[in-house]
Amino acid sequence: RDRSVSRGLGDVYKRQIFSWEQDMKLEFDVKVTEKDLYSFNIEQAYKGSQGVISLLFAVLLAAAAVLSAQKGNTEYVVLYIIVGILVLLYVPFSLKGRVKMIMKTNEVFSKPLHFEIDEKNIKVSQGDEMAQLPWEQVYRFVANDKRILIFSNRKNAYILSKEQLGDSYEPLKELAGLSLIHISEPT
């Protein structure tokens, strides 16, 4: 098994094996970083009710501060601004603390995950543990500028940063596109 460091990425090892004519297969190792996990959690929080409510509450507090300023109530203006700032900072800071704790206590994040992905399955292993996710059970697949997220359900996803995937990023997007299209086609 090739364990050479790729492009100075330190703890990220990768290798890829694929053939476009026969069975497509990708293999690579990814270590989820604190930054990756935090970014994922922030996105999920602000797409969910907690983030939306905190943003709406901050907007209401800003409006209350403006109305108080128009009435000349400077004490309330200061109060509304301080509470608004606290509301806005609560979600990111609480998530930062939670992610730090998860990274320290959860063994899954201490070592790289090994991925073997083909047209039928996503196999993930770490040490003696192995999980398999058939493409037809993928809840959602998201590829953006920074990462690929493979959701196994509404809240849980494999986080694969574009930086760590390197040369496997585009082939993985293509493989996912082919596999997901094939699954959605009527037989």
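All heavy atoms count here, side chains included; hydrogens, waters and symmetry mates do not. Everything numeric here is computed off the predicted structure, so don't read it as measured data.
- Linking Ile, Leu, Val, Met, Phe, Trp and Tyr residues whenever their side-chain heavy atoms come within less than 4.5 Å leaves Val87 and Ile85 in two separate clusters.
- Side-chain N or O atoms of Gln50 include none that pairs as donor or acceptor with a backbone N or O of Val91 at under 3.5 Å.
- To the nearest 0.5 angstrom, Met103 atom CE is 6.5 Å from Thr33 atom OG1.
- Atom-to-atom distance recorded for Asn153:CG and Arg140:CZ is 10.5 Å, nearest 0.5 angstrom.
- When each of Val77, Ile81, Leu79, Thr74 is checked for a side chain to side chain contact (heavy atoms under 4.5 Å, CB included) with Ser68, only Val77 meets the rule.
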>> side chain to side chain contact (heavy atoms under 4.5 Å, CB included), that's the test. Do Lys146 and Lys162 meet it? Break it down for me.
In response: CA-CA 5 Å; Lys146 298 176 184 173; Lys162 184 176 181 179; 5.7 Å; no

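- Counting heavy atoms from C-beta on, the side chains of Glu119 and Trp135 never come closer than 4.5 Å.
- Under the 4.5 Å side-chain contact rule for hydrophobic residues, Leu149 and Leu37 share a cluster.
- When the side chains of ILVMFWY residues are joined at heavy-atom separations under 4.5 Å, either directly or via intervening members, Ile148 and Tyr158 end up in a single hydrophobic cluster.
- Note: Phe115 and Phe28 have parallel aromatic rings, judged against thresholds of 30 and 60 degrees for the angle between ring planes.
- Taken from CD1 in Ile150 to CG in Leu172, the straight-line distance is 5.5 Å, to the nearest 0.5 Å.
- Of the residues listed (Val142, Leu133, Val138), the one engaging Phe151 in a side chain to side chain contact (heavy atoms under 4.5 Å, CB included) is Val142, and it is the only one.
- Closest approach of Pro92 to Ile42, counting heavy atoms only: CA-CD1, 3.8 Å.
- Hydrophobic cluster membership is shared by Phe40 and Val99, with clusters built from Ile, Leu, Val, Met, Phe, Trp and Tyr side chains linked at under 4.5 angstrom.
- Ion pairing of Arg147 with Glu43 is present here, as a side-chain N (NZ or NE/NH1/NH2) and a carboxylate O approach within less than 4.0 Å.
- The minimum heavy-atom distance between Asn121 and Pro134, with the atom names listed, is OD1-CA, 3.4 Å.
- A chain of hydrophobic side-chain contacts below 4.5 Å, direct or via other Ile, Leu, Val, Met, Phe, Trp or Tyr residues, connects Leu95 to Phe109.
- Contact between Ser161 and Asp36 at its shortest, heavy atoms only, is CB-OD1, 3.7 Å.
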>> For a side chain to side chain contact (heavy atoms under 4.5 Å, CB included) check, start with the C-alpha distance between Ser54 and Tyr90, then their side-chain angles and the critical distance, and finish with the verdict.
In response: CA-CA 9 Å; Ser54 70; Tyr90 172 75; over 6 Å; no

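- Between Glu163 atom CD and Lys35 atom NZ the span is 6.5 Å, to the nearest 0.5 Å.
- Other residues, nucleotides and ligands contribute only 12 or fewer heavy atoms inside 6.0 Å of the CZ atom of Phe57.
- Residues Val32 and Ile159 approach most closely at CG2-O, 3.9 Å, considering heavy atoms.
- Between Gln164 and Val30, the shortest heavy-atom distance links the atoms OE1-CG1, 3.1 Å.
- Counting heavy-atom neighbours within 6.0 Å of Tyr76 OH, excluding the residue itself, gives a total of 12 or less.
- Closest approach of Gly51 to Tyr46, counting heavy atoms only: CA-CD2, 3.6 Å.
- Atom CG of Asn41 is separated from atom NZ of Lys155 by 10.0 Å, given to the nearest 0.5 angstrom.
- Atom-to-atom distance recorded for Glu34:CD and Lys96:NZ is 5.0 Å, nearest 0.5 angstrom.
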